[in-house]
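Owing to the predicted nature of the structure, the values given are computational and were not obtained by experimental measurement. Each chain gets a letter, A, B and so on, in the order its sequence line appears, and its residues count up from 1.
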Protein chains: 2
Amino acid sequence: MFKLLSRTNVAGSEVSHPQPLAFQAGEKIGSRETTRELILNAAIRLFRERGFDETTMREVASEVGVALGLAYYYFPSKEALVMAYYERVQREHRIVAQQNLPHTRALRDRLAMLLNTKLDILKDDRKLLGALFRYTGSPDHPLSFLGKNTAPLRADCMSLFAEALEPERLPDDLRELLPLLIWALHMGVLLYFLYDASPNLRRTRRLVDGSVGLVVGFLGLAKSPLLRPVRRSVMTLLRDARLIPRS
Amino acid sequence: MFKLLSRTNVAGSEVSHPQPLAFQAGEKIGSRETTRELILNAAIRLFRERGFDETTMREVASEVGVALGLAYYYFPSKEALVMAYYERVQREHRIVAQQNLPHTRALRDRLAMLLNTKLDILKDDRKLLGALFRYTGSPDHPLSFLGKNTAPLRADCMSLFAEALEPERLPDDLRELLPLLIWALHMGVLLYFLYDASPNLRRTRRLVDGSVGLVVGFLGLAKSPLLRPVRRSVMTLLRDARLIPRS
DNA sequence: ATCCCTTATTGAACGCGTTCAATTATTCCC
DNA sequence: GGGAATAATTGAACGCGTTCAATAAGGGAT
């Protein structure tokens with residue numbers, strides 16, 4: 001189907017190969033970005049090994065050899081570490097996706113590729129990814145994945161889905177609607193991934209395949225001019241709810 | 001449309017009128033249920049007034065006049081207070097729903113009534129309801145609303161939706177599928193409610209109306225024997241994903 | 001009434017996320 | 001080089017959710 005890029009093929013990957021500590025005891029810590037990166041890398045490594053809640057910020061700071069307060073100088077909270085990491089994941093996913101999209105013709109394959117490569121990147125991250133959902137019910141929290149502060153991240157993710165849809169012949173309303181719907185599906189898949197205890201995430205992968213198939217099938221149906229009033233109703237509803245912008 | 005029961009009409013309501021402190025300073029605290037209820041009621045009241053995070057467990061205990069540790073004797077965590085409250089909400093909702101269902105014929109009205117009465121009950125609870133979503137990303141946590149410990153609560157909620165669907169002529173597969181789908185919609189509505197800043201939750205109410213309309217419309221379409229293979233695909237997918245039981 | 005077992009309650013303490021005043025280091029401009 | 005401003009770093013402390021050993025209270029059996 002789509003060409004899986006193996007981990008080693010992602011040049012300069014920030015995510016999959018967190019850099020080892022770049023200095024030894026007694027050596028002076030480098031620049032601002034270096035310290036911040038060190039802390040982030042150490043945190044992600046420890047979160048992966050032990051779990052998010054099971055790792056303390058004291059351990060993270062100690063791992064880098066800095067004072068606890070320094071972690072808070074660079075990151076406003078423990079969860080913000082995970083969010084910073086997820087932003088990296090997003091960046092890496094964009095790179096991978098844009099490498100694969102030119103070689104993937106069928107929409108079904110394109111969408112499946114997007115979801116599966118995301119899962120590939122995140123496959124070792126179940127012990128920390130859940131922390132991203134912590135503020136789901138807190139509308140004003142800066143880290144709420146549905147809140148206004150994360151709107152750029154959402155938009156970025158949706159733009160990837162929009163890119164995958166680009167070659168398709170779609171009515172304008174569907175072209176506008178689908179990135180949101182696929183983003184929502186993608187969030188559902190990530191959630192499912194967290195709950196999936198099957199070997200090698202088999203069930204999650206099958207869910208991806210199956211749901212992408214249904215989306216593409218639904219799309220074939222929904223394109224019909226006969227269903228234009230229905231599409232219009234959906235668009236109206238979502239606009240009223242401010243889930244998509246007013247045109 | 002449906003008959004709205006006003007708050008005062010719900011006899012013996014546990015939710016809407018948290019009982020005042022049943023004793024005065026120096027008076028001996030009553031039985032186990034009384035103390036537990038006192039703590040829960042005080043907590044919910046304070047959470048409503050101040051917000052969940054803004055209220056400390058020390059304040060809750062102090063409000064009842066007991067030691068901090070006693071709150072933890074009765075409730076395993078701060079969030080567990082909110083979950084206990086939500087279980088009450090569920091019970092009250094069932095009562096209200098079962099009073100209204102016999103007088104509501106059209107499916108659209110039945111579904112809208114279920115969602116709207118839920119919102120009625122929860123309307124003052126935005127400051128605390130978000131806490132229920134805190135463990136969304138923690139599959140093994142007892143309070144995860146998607147986890148196994150909350151399966152009875154989910155099933156109970158879905159059974160209400162199944163009841164609303166009862167009079168409808170539906171193919172078996174749809175009859176099995178729809179409670180889950182409507183439950184998911186209901187969760188989406190609750191989430192939306194948390195984020196909705198419109199006056200009197202206007203936008204949430206409109207979302208309810210609109211989405212119920214779409215569900216009913218979709219249902220009309222989905223019933224068609226022509227779409228049986230699609231329904232079968234959906235059922236297969238959800239069964240494989242273990243989101244509905246295998247038949 | 002006494003004893004024993006279970007439940008309820010307490011107050012002190014723990015630990016972790018977070019904060020912050022003080023200090024040190026770095027950078028830029030003259 | 002010196003001074004000022006800014007950024008980085010520290011270590012101590014706070015406070016809140018949570019825990020727990022000790023104690024008190026309640027209930028049942030003898």
Checklist entry - Would you call B/Arg50 and B/Glu59 a salt bridge, using N to O less than 4.0 angstrom? => result yes
Checklist outcome for this item: A/Tyr72 atom OH is separated from C/dC20 atom C1', nearest whole Å, by 14 Å
Checklist outcome for this item: Those residues at least two apart in sequence (or on a different chain) that pass ring pair (Phe, Tyr, Trp, His ring centres under 6.0 Å) with B/Phe145 are B/Phe133
Next on the checklist: As a test of reading the structure: which of C/dT18, D/dT18, D/dT10 is closest to the side chain of A/Leu70, going by heavy atoms?
Outcome noted: D/dT10
Item to check | Distance, rounded to the nearest Å, where A/Leu38 contributes CG and D/dA8 contributes P | outcome: 14 Å
Item to check | Value in whole Å for how far the P atom of D/dC16 lies from CG of B/Leu46 | outcome: 14 Å
Item to check | Under 4.0 angstrom between B/Tyr73 side-chain N/O and C/dA8 OP1 or OP2 | outcome: yes
Checklist entry - Which of the following nucleotides, C/dT10, C/dG17, D/dT10, is nearest to the side chain of A/Val66? => result D/dT10
Checklist outcome for this item: Residue set satisfying side chain to side chain donor-acceptor pair (under 3.5 Å) with B/Thr136, at least two apart, ordered chain then number -> none
Checklist entry - Side chains of B/Arg242 and A/Tyr192: do they bring a donor and an acceptor to under 3.5 Å? => result no
Item to check | Value in whole Å for how far the C1' atom of C/dC16 lies from CZ of A/Arg50 | outcome: 15 Å
Item to check | Any A/Thr35 side-chain nitrogen or oxygen under 4.0 Å from OP1 or OP2 of D/dT9 | outcome: yes
Item to check | For atom OH of B/Tyr74 and atom C1' of D/dT18, their distance in whole Å | outcome: 18 Å
Checklist entry - Over how many whole Å does the gap from A/Lys78 atom NZ to C/dT18 atom P extend? => result 8 Å
Next on the checklist: Expressed as a whole number of angstroms, how long is the span from B/Glu54:CD to D/dG17:C1'?
Outcome noted: 15 Å
Quick test: give all pairs of protein nitrogen or oxygen and nucleotides 12-15 of chain D nitrogen or oxygen below 3.5 Å, distance rounded to 0.1 Å.
none

Checklist outcome for this item: Rounded to whole Å, the CE-C1' distance (B/Met57 to C/dT10) equals 15 Å
Checklist outcome for this item: Sequence neighbours excluded, the answer for ring pair (Phe, Tyr, Trp, His ring centres under 6.0 Å) partners of A/Phe161 is A/His186
Item to check | Any residue meeting ring pair (Phe, Tyr, Trp, His ring centres under 6.0 Å) with B/His93, in chain and number order, not counting sequence neighbours | outcome: none
Checklist entry - Residues two or more places apart in sequence or in another chain: which of them pass ring pair (Phe, Tyr, Trp, His ring centres under 6.0 Å) with B/Tyr135? => result B/His141
